[in-house]
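Here the structure is laid out as structure tokens; the discussion comes afterwards.
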There are 2 protein chains.
Amino acid sequence: MTDKDTRERIVEAADQLFYQQGYEQTSFSDIADAVQISRGNFYYHFKTKDDILQAVIDTRLATLQQILTRWDEEIPQPAERILQYIDVLITNQANIKHYGCPVGTLCSELAKLRHASQVEANALFAMTRNWLSEQFTLLGHKAKANNLAMHLIGRGQGIATLANVFYDEQFLKQEVQELRDWLQSLTVTKKTKPKKRPG
Amino acid sequence: MTDKDTRERIVEAADQLFYQQGYEQTSFSDIADAVQISRGNFYYHFKTKDDILQAVIDTRLATLQQILTRWDEEIPQPAERILQYIDVLITNQANIKHYGCPVGTLCSELAKLRHASQVEANALFAMTRNWLSEQFTLLGHKAKANNLAMHLIGRGQGIATLANVFYDEQFLKQEVQELRDWLQSLTVTKKTKPKKRPG
DNA sequence: GTCTATACTGAGATAGAC
DNA sequence: GTCTATCTCAGTATAGAC
């Protein structure tokens, strides 16, 4: 077992547990047990609990960046890309019902804790917002792009929160359908308008 | 200082602190300090921390019930009642920016903790949903009343979450305006087109 | 790099004096 | 009803053996 392997396994386990139990509620012992190392060994890799949180956030940021880049490369149409984002709610519905949105619940918890890493965690939202904003711009909604991005993320947060609290899959599916309709209404309205106006 | 007074003050302080810091993060010492009693005295009134949580939830349920009943009595039109509900986001925007939605953040935390009182806390949402559902029924949307109620609550949750995480008042205000427009579109009968309010 | 042993802290909770 | 003193336990963290 090399150093890197163990460190990676710690971050992976911490990521899972922070999502499932919350950051505050997850102890070193929980993580050590999950990775099957001693608590002492733990401190060789991370000095403090905050360090692990930072590593988890960094990993999530990198993963998110990869996903968004892949969507950019593999999906040509911006509307289809946004649809892909919306459908994550369906793909992850089992986890969302159990634990809520991994980004939203972490950011909310850190906000309440007034935690120093709140800014870094918020970057997860910011990265998504910026990416969505680009897609809406490509859709021809440049002026409102950022507002539309925030609106969509907010809708997703509300859906995840209630799907979690009420453990309601039916609600989640129906709301996702409404989001699809909403996106559709934004996609078709620009049919006859020219992309750029002279002057 | 009578028994009732102290108990009430404990519940009041706990309510505040649970909202501002979260349930798990709030210690007996925090509450005792806020009420300015000793920790020992504390246990005369509540045997366990869970007991305080239960008392806080009961108080919130009673308060919510009072508010909804008052709205029923004082506001004749169901659309105006729903508008009143939406405008709570504006009235409480300062608190929401700092701490999120008091109901949503508590229910989310308890869900993650798998806490026994989760069911009671969810009753806060359920009570609101039932009341909204009644209002939408009165508006003539009986078949969809429950779905509309859930949709509205979800929208509110998303708005509160992002307003909190991003500490963004502008976003909150704009989204509330969209909710007003959404309500308006549901209110208008079969006559003329609704006039959109200037932004 | 990994382990055991242990120090230190804060939190929940109890006992008993007043 | 309120207090002080104290207990227990979990969690963070360190030291040092291997």
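Worth saying up front: this structure is predicted, and the values here are computed from it rather than measured. Chain letters run A, B, ... following the sequence lines, proteins first, then strands; residues in each count from 1.
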Value in whole Å for how far the C1' atom of D/dA10 lies from CZ of A/Phe42
16 Å

Scanning both residues in full, the closest heavy-atom pair of B/Val165 with A/Cys107 reads CG2-CB, 3.7 Å

Run through A/Asp33, A/Val56, A/Ile52, A/Ile31 and flag the one making a side-chain contact (heavy atoms from CB on, under 4.5 Å) with A/Leu17.
A/Ile31

Rounded to the nearest Å, what distance is computed from the CZ atom of residue B/Arg39 to the P atom of nucleotide C/dG12?
9 Å

Length of the NZ-P vector between A/Lys49 and C/dC8, whole Å:
22 Å

Counting N and O atoms only, with roles assigned by atom type, does the side chain of A/Asn164 sit under 3.5 Å from a partner on the main chain of A/Thr161, one being a donor and the other an acceptor?
no

What contact category does B/Ser27 fall into here, base, sugar-phosphate, or nothing, at under 4.0 angstrom with non-hydrogen atoms?
sugar-phosphate

Geometric cation-pi criterion, A/Arg60 with A/Phe18: 6.0 Å, 45°
no

Phosphate OP1/OP2 of C/dG1 contacted by A/Tyr44 side-chain N/O (<4.0 Å)
yes

Check this one for me: any side-chain N or O of B/Thr6 less than 4.0 Å away from OP1 or OP2 of D/dT2?
yes

Nearest whole angstrom, please: distance from the P of D/dG11 to the CD of B/Gln25.
14 Å

Take atom CG of A/Asp30 and atom C1' of D/dT12, then tell me their distance rounded to the nearest Å.
13 Å

When you get a sec, tell me which of C/dA13, D/dT4, C/dA11 is the closest nucleotide to the side chain of B/Ser29?
C/dA11

Closest nucleotide among C/dA13, D/dT2, C/dC3 to the B/Asn41 side chain:
D/dT2

Please report the distance, rounded to the nearest Å, between CD1 in A/Ile37 and P in D/dC18.
21 Å

Looking at every strand, decide which applies to B/Tyr43 at a 4.0 Å heavy-atom threshold: base, sugar-phosphate, or nothing.
base

note: A/Ile31, atom CD1; D/dG11, atom P; distance rounded to Å ~ 11 Å

Could you state the atom-to-atom distance from CG of A/Asp51 to P of D/dA13 in whole Å?
9 Å

Which of parallel (below 30°), tilted (30 to 60°) and perpendicular (above 60°) describes B/Tyr85 and B/Trp131?
tilted

